[in-house]
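Everything quoted here is computed from the prediction, not taken from an experiment. Letters A, B, ... are given to chains in the order of the sequence lines, protein chains preceding strands, and every chain is numbered from 1.
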Amino acid sequence: MSELSVVTWNINSVRLRANRVAAFLKEHGPDVLCLQEIKCHEAQFPASVFREAGYEHMHIAGQKGLHGVATVSRLPLEPLDTPEFCNLGHARIVASRIDGYDIHNIYLPAGGDEPDPEINEKFAHKLEFLDRMEKFYGAFDKATPLIVVGDLNIAPFEHDVWSHKQLLKIVSHTPVETEAMARIVEAGGFNDLARREHAAEQKLYTWWSYRSKDWAASNRGRRLDHIWANPAAEPHAKPGTYHIYLEQRGGEKPSDHAPVQMTFGRL
DNA sequence: ATGGTTGTTACACAA
């Protein structure tokens, strides 16, 4: 095998959607699946479902009922130290090395409703998390292939939201957030692979609110889920392989996020 | 402009 396909998916409870995930793995067979919002402890993670699907290697950081991330892999996985982006001890990051790539799987804080750190401590937490990411990735060795994926809860560009104008004061698309994200991308030398693959004018969404009668008809989405490659990894990201599995937003009991995939060459 | 839905949990809260 000469390729390493990586999928990131905010699953919004892995226990509730274990069967959906297993069917997805059976149909599409990515090499690596990075899940966010597993919403359970490590011990409650449905590991047998993944093992039976051929994903024997797992790195899980869970907590009771909230947050939680897991990276599962067909290939051997080496757990790495967890970058300390969260100052509240949440299970929001797992770092793993798979086939020579460092893969950081991140669930960035949503940040609450009010985009003012003075009155909303969740937003302050989000900004602190972003600041720590900028410092960490600025110091990260650019020669080590690094892929950063996850639900970053920010839609950075105009066409990453259904209405730029209407969302400028909505958490996930405020200038203070999108500018912080731009600084992280700059510091790490990252390439936002969705935008490497698609023109800036093309609308791209990976999340649609549950609070909509018909998510597909109204299509008021945002691109919150990301796949970034640093300078050592980006040349190995295969052109034309970026994909959003829109159909996973449909069907019975979907997550509010769709899975997103990119394929890399084996190092 | 407001309220709309979902998941985990325990009699709200986070998203």
Output the rounded distance in Å from [atom1] ([X]) to [atom2] ([N]).
| X | N | atom1 | atom2 | value |
| --- | --- | --- | --- | --- |
| A:Asp225 | B:dA15 | CG | P | 15 Å |
| A:Leu108 | B:dA15 | CG | P | 11 Å |
| A:Trp208 | B:dT6 | CH2 | P | 17 Å |
| A:His173 | B:dA15 | NE2 | C1' | 19 Å |
| A:Gln63 | B:dG7 | CD | P | 19 Å |
| A:Ile170 | B:dA1 | CD1 | C1' | 12 Å |
| A:Arg220 | B:dG3 | CZ | C1' | 12 Å |
| A:Asp113 | B:dT2 | CG | C1' | 13 Å |

(message) I'd like to know if A:Glu114 pairs up with A:Lys122 as an ion pair, taking the criterion as any Lys NZ or Arg NE/NH1/NH2 lying under 4.0 Å from an Asp or Glu carboxylate oxygen.
(response)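 Salt bridge absent between A:Glu114 and A:Lys122.
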(request) Please determine if a side-chain N or O atom of A:Lys213 lies less than 4.0 Å away from the OP1 or OP2 oxygen of B:dG4. (result)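 No.
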(message) Does B:dG7 have OP1 or OP2 under 4.0 Å away from a side-chain N or O of A:Lys253?
(response)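 So the side chain of A:Lys253 is within the cut-off, an N or O lying under 4.0 Å from OP1 or OP2 of B:dG7.
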What about the rings of [X] and [Y], do their centers lie closer together than 6.0 Å?
| X | Y | answer |
| --- | --- | --- |
| A:Phe24 | A:Trp9 | yes |
| A:His125 | A:Phe123 | no |
| A:His257 | A:Tyr205 | no |
| A:Phe190 | A:Phe140 | no |

(request) Let me know, please, whether A:Tyr210 or A:His67 comes out on the 5' side of the other along DNA chain B by nearest nucleotide. (result)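 Counting from the 5' end, the first nearest nucleotide belongs to A:Tyr210.
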(message) Judged by each residue's nearest nucleotide on DNA chain B, which is more toward the 5′ side, A:Cys40 or A:Asp256?
(response)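 It is A:Cys40 whose nearest nucleotide is closer to the 5' end.
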Using the [atom1] atom in both, what is the distance from [N] to [M], to the nearest Å?
| N | M | atom1 | value |
| --- | --- | --- | --- |
| B:dA15 | B:dG4 | C1' | 14 Å |
| B:dA14 | B:dA10 | P | 14 Å |
| B:dT8 | B:dT2 | P | 31 Å |
| B:dC13 | B:dT9 | P | 16 Å |

(request) Could you list the residues that satisfy side chain to side chain contact (heavy atoms under 4.5 Å, CB included) with A:Pro79, not counting sequence neighbours? (result)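 A:Pro79: side chain to side chain contact (heavy atoms under 4.5 Å, CB included) contacts with A:His59, A:Leu77.
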(request) Could you tell me which non-hydrogen atom of A:Ser5 sits nearest to which non-hydrogen atom of A:Asp31, and how far apart they are? (result)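 That closest heavy-atom pairing would be N-OD2, 2.8 Å.
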Given [options], which nucleotide is nearest the side-chain atoms of [X]?
| X | options | result |
| --- | --- | --- |
| A:Lys64 | B:dA14, B:dA10, B:dT5 | B:dA10 |
| A:Arg211 | B:dT6, B:dT8, B:dA15 | B:dA15 |
| A:Lys39 | B:dA14, B:dT6, B:dT8 | B:dT8 |

(request) Using a heavy-atom cut-off of under 4.0 Å over every strand shown, decide if A:Arg249 touches base, sugar-phosphate, or nothing. (result)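 Contact class for A:Arg249: none.
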(request) Indicate whether the side chain of A:Asp256 and that of A:Trp207 have a donor and an acceptor atom separated by less than 3.5 Å. (result)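 Note: A:Asp256 and A:Trp207 side chains meet the donor-acceptor criterion.
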(message) Short of 4.0 Å, heavy atom to strand atom, which residues of residues 6-23 of chain A count as contacting DNA chain B?
(response)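 The answer is A:Asn12, A:Ser13, A:Arg15, A:Leu16, A:Arg17.
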